[in-house]
Structures are given as C-alpha cells and as structure tokens.
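Remarks on the structure that follows.
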Amino acid sequence: MPNGGTAPRPTSQSDREEIGRLSRRPGDSTVSRADLQRDETTRRWGLVTPSATRIGRPESPDGDLSENVRRLHEERHPAMEGYSRRAHRLEKLRLTHALCGSLGLTPWQRDRAIGTMIDLDLTAFGSQRAIPKVALVVIRHVVDREREHHLGLHDEEWIAEQPPERLADLYEQFHSITDDEQFTTLCEQHDLDVTNLNHLRRTLIDQLDGQDLHEAVYGRNPYRDPSLPELTIGSSA
C-alpha cells in the first residue's frame with residue numbers, strides 16, 4: 001500500500017447491521033480530538049495556485065487582459081450588466097442604515113434617510129460625494145426637519161404671525177442633531193465641520209427639489225393608487 005498504509009478490513013454482515021442501527025450513546029456523533037486537529041491543520045493553508053493570484057489581472061505590467069475578462073470588467077457580459085449600479089445602491093443602503101443605527105434614530109427617521117439616500121444622485125456633491133458624508137448630511141436634514149415640523153418652525157407664514165417671545169420659546173425648544181455628541185463624533189471621523197454640513201445641506205435641498213425626493217421613504221410608495229376610492233372627511237349621511 002502507498003505511504004506504508006494497510007488495506008481496510010472488509011466490513012462484515014454484523015458490522016453493517018451495527019452501522020445501520022442509529023446509535024444514541026453520548027459522544028457517538030462527535031469528532032475525535034486528533035481528527036479535528038488534523039482537519040484544522042490541513043484547512044489552515046487553503047489552496048494556493050498561480051491562477052488564483054492572477055484572476056482579472058495581466059500577468060505582467062506590460063501585459064493585457066483577455067477579451068473575456070475585459071468584457072466582465074466593462075459589464076459587457078450579460079451576467080455582469082448593471083452590477084456596479086446595483087452594488088452602489090446596496091452600499092448606500094448599507095452604510096446609511098449603519099449610521100442611523102449608531103445614532104439611535106427612530107424607524108421612521110431611518111426609513112426617511114434611507115429612502116432619500118438610495119435614489120439620490122451623489123455626483124452633485126462633487127468632491128464631498130462619499131457615501132458616509134452625504135448620508136450624515138441627509139440624516140441631519142431628515143431629523144432636524146422632523147423636529148422643525150413638530151414645533152411648527154417649517155411654516156414661514158405662521159412664524160411671521162408669532163410674537164417675538166413665542167418665537168424665542170420655540171427656538172429654545174428646538175435641538176438640532178448637530179448638538180448630539182455621537183453625531184459630532186461621526187462628523188469628525190468623516191472630516192465634516194459645521195460649514196461643510198450647511199453647504200452640503202443646501203446642495204441636498206436642491207437635489208431633493210430636482211429629483212422630487214422630499215417625501216421619499218424607503219419601502220413606501222408616496223404616490224396614491226388611482227384605482228383606490230377617494231378619501232372623504234366626515235359622513236355622507
């Protein structure tokens with residue numbers, strides 16, 4: 001036998017009957033420590049082949065890719081068509097969701113921020129179009145806008161009718177998310193100061209106007225189904 005091994009012992013009828021019966025003794029289904037250690041040692045190194053290090057790359061600095069690989073990279077292959085667009089959309093969803101979770105936003109605020117981000121064209125933000133940066137700007141806009149609505153500060157006509165004392169009291173009650181320590185920490189990590197936040201928010205509002213995303217909510221359709229009956233206030237009786 002190769003490697004000095006011995007031939008396996010033929011299985012007898014009694015052995016086959018014993019194997020066929022389901023054993024319920026403790027430890028019968030476990031792997032022995034020696035087998036487990038041998039298996040982990042083998043798997044530790046994995047497979048290493050020359051081709052595994054050159055997938056999708058030329059073999060030399062002066063080399064070129066094959067036509068098949070180039071078609072995959074340029075998404076000209078049917079299997080890859082639209083992949084970069086889908087991946088970018090999923091990345092916006094994933095990162096925005098993570099930031100909302102770290103800031104403790106409500107489910108409605110989270111869905112509002114994700115719904116805005118997922119369809120937002122980031123190219124308008126220029127060099128500041130990194131997903132985490134724009135997501136923080138969107139979160140700031142969504143949360144602050146909701147708090148403004150709660151106090152009525154979004155209604156310019158109503159604000160103009162209020163006495164100065166009433167306005168002072170309302171603005172004292174308003175607390176922006178920029179006052180939150182966790183939000184400030186995240187902004188510092190992504191090189192966002194107050195000036196950048198204000199500038200990017202103005203850009204965001206322009207994009208919300210242009211793309212009709214003011215009412216965007218992830219997972220919800222803002223347009224009413226025309227086949228549904230009209231809603232009426234009160235009773236016709």
| task | Could you give me the CA-CA distance, side-chain angles and deciding distance for Arg89 and Asp119, then say whether side-chain contact (heavy atoms from CB on, under 4.5 Å) is met? | result | CA-CA 8 Å; Arg89 181 181 174 89; Asp119 290 322; 2.8 Å; yes

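- Closest non-hydrogen pair, Arg112 versus His214, comes out as NH2-O, 3.1 Å.
- The minimum heavy-atom distance linking Thr203 with Ala124 is given by the pair CG2-O, 3.7 Å.
- Transitive grouping of hydrophobic side chains (ILVMFWY, heavy atoms separated by less than 4.5 Å) keeps Leu213 and Ile205 in distinct clusters.
- Within 6.0 Å of NE2 in His190 there are more than 12 heavy atoms belonging to other residues, nucleotides or ligands.
- When the side chains of ILVMFWY residues are joined at heavy-atom separations under 4.5 Å, either directly or via intervening members, Ile114 and Phe183 end up in two distinct hydrophobic clusters.
- With rounding to the nearest 0.5 Å, the separation of NZ in Lys133 from CG in Leu197 is 10.5 Å.
- Here CD of Glu148 is found 11.0 Å from CD of Glu146. Values are rounded to the nearest 0.5 Å.
- The CD atom of Gln207 sits 12.0 Å away from atom OG1 of Thr116, with the distance rounded to the nearest 0.5 Å.
- Within 6.0 Å of atom NE2 in His199, 12 or fewer heavy atoms from other residues, nucleotides or ligands are found, so the atom counts as exposed in its surroundings.
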| message | Run the side-chain contact (heavy atoms from CB on, under 4.5 Å) test on Ile131 and Leu122 for me, step by step, so that the C-alpha distance in whole Å, both residues' side-chain angles and the decisive distance to 0.1 Å come before the verdict. | response | CA-CA 8 Å; Ile131 294 177; Leu122 304 188; 3.9 Å; yes

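- In this structure, the side chains of Val138 and Thr96 stay at 4.5 Å or more apart for every pair of heavy atoms.
- Scanning all heavy atoms of the two residues, the minimum distance from Tyr218 to Leu93 falls at OH-CD1, 3.3 Å.
- Counting non-hydrogen atoms of neighbouring residues, nucleotides and ligands closer than 6.0 angstrom, the NE2 atom of His150 reaches no more than 12 such neighbours.
- Looking only at side-chain heavy atoms (C-beta outward), Leu103 and Gln109 stay at 4.5 Å or farther from each other.
- A donor-acceptor distance shorter than 3.5 angstrom exists from the side chain of Arg147 to the backbone of His175, with no hydrogens or angles considered.
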| Asn198 and Arg140: CA distance, side-chain angles, deciding distance, side-chain contact (heavy atoms from CB on, under 4.5 Å) verdict | CA-CA 10 Å; Asn198 293 334; Arg140 184 260 182 109; 3.2 Å; yes

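- Between Gly115 and Ile118, the shortest heavy-atom distance links the atoms O-CG2, 3.7 Å.
- No path of Ile, Leu, Val, Met, Phe, Trp and Tyr side chains, each step under 4.5 Å between heavy atoms, connects Ile177 with Leu170, placing them in separate hydrophobic clusters.
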| request: Go through the steps for Ser176 and Asp179 under the test side-chain contact (heavy atoms from CB on, under 4.5 Å), then give the verdict. | output: CA-CA 6 Å; Ser176 172; Asp179 299 329; 4.3 Å; yes

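- The 12-atom threshold is not exceeded at CD of Glu181, counting heavy atoms of other residues, nucleotides or ligands nearer than 6.0 Å.
- Here the side chains of Asp191 and Asn196 are not in contact, with every heavy-atom distance at 4.5 Å or above.
- The distance from the CZ atom of Arg129 to the CG atom of Asp121 is 10.0 Å, given to the nearest 0.5 Å.
- Atom CG of Asp206 is separated from atom CD of Gln211 by 11.0 Å, given to the nearest 0.5 angstrom.
- Across every non-hydrogen atom of Gln182 and Ser102, the tightest pair is CG-O, 3.6 Å.
- Hydrophobic clustering of Ile, Leu, Val, Met, Phe, Trp and Tyr side chains at less than 4.5 Å, counting indirect connections, keeps Trp108 apart from Val143.
- By the criterion of side-chain heavy atoms lying less than 4.5 angstrom apart, applied directly or through intervening Ile, Leu, Val, Met, Phe, Trp or Tyr residues, Met117 is grouped together with Leu208 in one hydrophobic cluster.
- Here OG1 of Thr178 is found 13.5 Å from CD1 of Ile139. Values are rounded to the nearest 0.5 Å.
- Closest of all the heavy-atom pairs between Leu200 and Phe125 is O-CE2, 3.7 Å.
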